[in-house]
Amino acid sequence: MKRFAALTAATALVAGPTVAHTPAAATATGGTCAGYVGLTFDDGPTTGNTAALLDALRRAGLRATMFNTGQNVEANPDLARAQVAAGMWIGNHSWDHPHLTQLTEAEQAAQISRTQDAIRRVTGVTPDLFRPPYLDTDDALRAVERRFGLTEINTDVDSQDWNNATVEQIVASAGRLADGDVILMHDWPANTVAAIPRIAVELRERRLCSGRISPVTGRAVAPQTRALARAHTAGRVDDRGAGVRYTWPGVYFEGRFRGTSVGIVLDDAVNDYAVQVDDGAPVDLVTPGRITHWVRDLAAGVHTVRIAKRTESPWSPGQFGGFVAGPGGAVLSEPAARHRQIEFIGDSWTAGYGNMSTSRDCTPTGGVDRNSNADQTFGARTARALGADYQLNAWSGMGMVRNYNGGNAGVDYRTYYDRTLQAADTAVWHRPAGWRPQVVVIGLGINDFSTALRPGEPWADEAALAADYRAAYLAFLDKLRHRYGPHTYFVLTYPDMGTAALADSIEQIAEQRAAAGDRRVRALHYDNAALGLDLLGCDWHPSARDHQLLSGALTSFLSGLPVRW
């Protein structure tokens, strides 16, 4: 069988305080545990083997991750449920164990999706870990895995039980495990079942405990580890316990720790981040990959840490695995949620498209992503000025009924607004009880009207487009009013355009709502000339200076509303 070495951590570009990047690994926190290891068993569940394996694990007081094939789950549903009942974790191991790199992308996706569906249907569990058969993998396969929210798990130690290893050899393999390591074993060899009691003794003597494999780091961590156990966020996230996924720009996580160093556990090779400790200047973290990013050499004491997603990634979720303390330190209880809450809904202006560029052509300076910072947008600045938690639910190029230049016909911003992960997953976001913003600021319409209608679009002229825009906007406000209740203020914003259609539509919508008795809808015009906007961001977007000016105007406007903060 072909075997590959375990995945290594990616590096990232950083600046600021003394920092380092190490392969992400959890620090053992249990009473008698000096560390955690990941026991994994492939190819189950199987009649005549799985029950004996589960019994051996229970007797030894061990938990493990079972990488099941879909066809075996479907054939042995009771055994799959027994795995879960015994406290085991379930991973995806393909449908029928082929060499996946020899299949087409569509065939790979079918192998993975059929297995996800079978495991979910039979056990109620949705796996977040994937092990490719034969450990046969490449970048193309990993891209398919990510589409299903799966983290690929290789191995640090191969027990060779698939190659007729003896009980003694399997136990010796387990003896090579260190904190965070993962060992490959299988569901079916009799010698593996026989080795379990001795493996338990060997691990116990070294104070190593069986742990759960983190979907963020791919390393073994304490079973109860939760990314948000000591971290605060107000953003839309897919909480998977040991890790949370997210796509919307500007999602941030805040924590508190005691000591001289802190680690931030991440798995994201797509996005850039801003990292801030206490009141220091934010440090850029560029496409970090799977790492624990450390900030070290701080003064001893209690500190705050904040990390914010700078860039957009509608199709590619990032993952956050929590904060970890350095030697002698401790992660403290999370900062309290702020009573004030603001939700920002919009397009590229709200997302911060190219806002850090000083030239409209930002190609020579790294392109749009390197020059975008959602943490420095008018929305983030306004929220901080008012002491509010916030969400930036924005997507560049999207409009209320029409996208930029008529692109992506058939979908628009409203297609994705209700989702947790935009285009990466169709799952609907369920509003937490604690998220009830007093203000919702909406900036949709630039893309609807900024370009001329093209042949084949469904509107005869701009007047017809404007009529559809107003109808859709009013329906969208109805949805928001139902979600957030009668006391939330809606602020409908718009800048200067080459046409009056946007301004006229927004003003009509606000007037119509007021006439219908909804007195908490306001229109706010961003007067480009009066504000002095230079639009020097990428592709004529607001610059960092413009966002500061926009924030000043919006902060002043919100401060003048009789909001029940």
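- Partners of His232 by ring pair (Phe, Tyr, Trp, His ring centres under 6.0 Å), not counting sequence neighbours: none found.
- Under the ring pair (Phe, Tyr, Trp, His ring centres under 6.0 Å) criterion, Tyr416 pairs with Trp395, not counting sequence neighbours.
- Looking only at distances, a side-chain donor or acceptor of Arg310 sits under 3.5 Å from a matching main-chain atom of Ser372.
- Thr382 places no side-chain N or O within 3.5 Å of a backbone atom of Leu554 that could act as its donor or acceptor partner.
- No side-chain donor-acceptor contact under 3.5 Å links Asn393 to the backbone of Ile345.
- Taking the side chain as every heavy atom from C-beta outward, Arg212 and Leu129 never approach each other to under 4.5 Å.
- Scanning for salt bridge (charged side-chain N to carboxylate O under 4.0 Å, His left out) contacts around Asp278 gives an empty result, with sequence neighbours left out.
- Residues Tyr413 and Asn403 bring no donor and acceptor atom of their side chains to less than 3.5 Å of each other.
- Outside the 6.0 Å centre-distance limit, the rings of Phe323 and Phe253 are not counted as a close aromatic pair.
- When each of Asp42, Leu39, Thr40 is checked for a side chain to side chain contact (heavy atoms under 4.5 Å, CB included) with Thr65, only Thr40 meets the rule.
- Considering only residues two or more places apart in sequence or on other chains, Gln548 meets the side chain to side chain donor-acceptor pair (under 3.5 Å) condition with none of them.
- Defined by atom type and a distance below 3.5 Å, a donor-acceptor pair is missing between the side-chain atoms of Glu254 and Thr233.
- Considering only residues two or more places apart in sequence or on other chains, Arg370 meets the side-chain contact (heavy atoms from CB on, under 4.5 Å) condition with Asp272, Val286, Thr287.
- In this structure Thr451 satisfies the side chain to side chain donor-acceptor pair (under 3.5 Å) test together with Arg402, sequence neighbours excluded.
- Residues in residues 262-286 take part in no ring pair (Phe, Tyr, Trp, His ring centres under 6.0 Å) pair, two or more places apart or across chains.
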May I have the step-by-step check of side-chain contact (heavy atoms from CB on, under 4.5 Å) for Arg256 and Val331, ending in yes or no? CA-CA 6 Å; Arg256 299 167 58 247; Val331 177; over 6 Å; no
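- The pair Asp238-Arg419 does not count as a salt bridge, with every side-chain nitrogen at least 4.0 angstrom from each carboxylate oxygen.
- Among residues two or more places apart in sequence or in another chain, the ring pair (Phe, Tyr, Trp, His ring centres under 6.0 Å) test is passed with Tyr494 by His525.
- Checked against the 6.0 Å centroid criterion, the rings of Tyr404 and Phe449 do not qualify as a close aromatic pair.
- Remark: side-chain polar atoms of Thr415 are paired, donor with acceptor, to backbone N or O of Asp412 under 3.5 angstrom.
- Side-chain atoms of His547 do not come within 3.5 Å of backbone N or O of Arg545 as any donor-acceptor pair.
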Pair up each side-chain donor or acceptor in residues 424-432 with any protein partner under 3.5 Å, not counting sequence neighbours, and list the distances.
| unit_1 | atom_1 | unit_2 | atom_2 | d |
| --- | --- | --- | --- | --- |
| Asp425 | OD1 | Ala427 | N | 2.8 |
| Arg431 | NH1 | Trp435 | O | 2.9 |

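- Partners of Phe476 under the ring pair (Phe, Tyr, Trp, His ring centres under 6.0 Å) rule, at least two apart in sequence or in another chain, are Tyr417.
- Checked by atom type, the side-chain pair Thr69/His97 shows no donor-acceptor distance below 3.5 Å.
- Side-chain atoms of Ser313 and Asn271 form a donor-acceptor pair, as typed in the model, at a separation below 3.5 Å.
- Residues Glu312 and Ser396 bring a donor and an acceptor atom of their side chains to less than 3.5 Å of each other.
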Carefully, step by step, assess Asp369 and Thr311 under the rule side chain to side chain donor-acceptor pair (under 3.5 Å). CA-CA 6 Å; Asp369 281 350; Thr311 43; 5.5 Å; no
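- A salt bridge between Glu334 and Arg230 is absent, with no side-chain N of the basic residue lying under 4.0 Å from a carboxylate O of the acidic one.
- In terms of modelled atom types and a separation under 3.5 Å, the side chain of Ser359 and the main chain of Cys362 share no donor-acceptor contact.
- A heavy-atom distance below 4.5 Å is not found between the side chains of Val37 and Val182.
- Checked against side chain to side chain donor-acceptor pair (under 3.5 Å), Arg114 has no partners two or more places apart in sequence or in another chain.
- Looking only at atom types and distance, the side chain of Thr126 has a donor-acceptor partner in the side chain of Arg120 under 3.5 Å away.
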Please step through side-chain contact (heavy atoms from CB on, under 4.5 Å) for the pair Arg236 and Thr247, ending with a clear verdict. CA-CA 8 Å; Arg236 293 190 182 187; Thr247 61; over 6 Å; no
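- If you check the side chains of Gln116 and Asn92, you find a donor sitting under 3.5 Å from an acceptor.
- Aromatic pair Phe130/His93: ring centres not closer than 6.0 Å.
- For the side chain to side chain contact (heavy atoms under 4.5 Å, CB included) with Leu100, the qualifying choice from Asp138, Thr137, Leu141 is Leu141, the only one to do so.
- A distance-only check finds a donor-acceptor pair linking the side chain of Asp448 to the backbone of Val401 [under 3.5 Å].
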As a quick check of understanding, evaluate salt bridge (charged side-chain N to carboxylate O under 4.0 Å, His left out) for Asp179 and Arg219, giving each step before the final call. CA-CA 9 Å; Asp179 179 30; Arg219 310 295 291 164; over 6 Å; no
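- For the pair Leu558 and Ile342, the minimum side-chain heavy-atom distance is below 4.5 Å.
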Show your reasoning for whether salt bridge (charged side-chain N to carboxylate O under 4.0 Å, His left out) applies to Arg131 and Asp136. CA-CA 9 Å; Arg131 174 169 283 155; Asp136 180 14; over 6 Å; no
Please set out all donor-acceptor pairs under 3.5 angstrom arising from side-chain atoms of residues 315-322, sequence neighbours excluded.
| unit_1 | atom_1 | unit_2 | atom_2 | d |
| --- | --- | --- | --- | --- |
| Gln319 | NE2 | Thr151 | OG1 | 3.4 |
| Gln319 | NE2 | Pro215 | O | 3.3 |

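- Listed for the Asn371 side chain is a donor-acceptor partner under 3.5 Å among the backbone atoms of Thr365.
- With hydrogens and angles left out, the side-chain atoms of Asp361 and Thr363 include a donor and acceptor closer than 3.5 Å.
- For Arg176 and Asp156, the salt-bridge test fails: no basic side-chain N is under 4.0 Å from an acidic carboxylate O.
- For the pair Asp389 (side chain) and Ala234 (backbone), a donor-acceptor distance under 3.5 Å is absent.
- A donor-acceptor pair is defined here as one N or O able to donate and one able to accept, closer than 3.5 Å; such a pair exists between the side chain of Tyr252 and the backbone of Tyr390.
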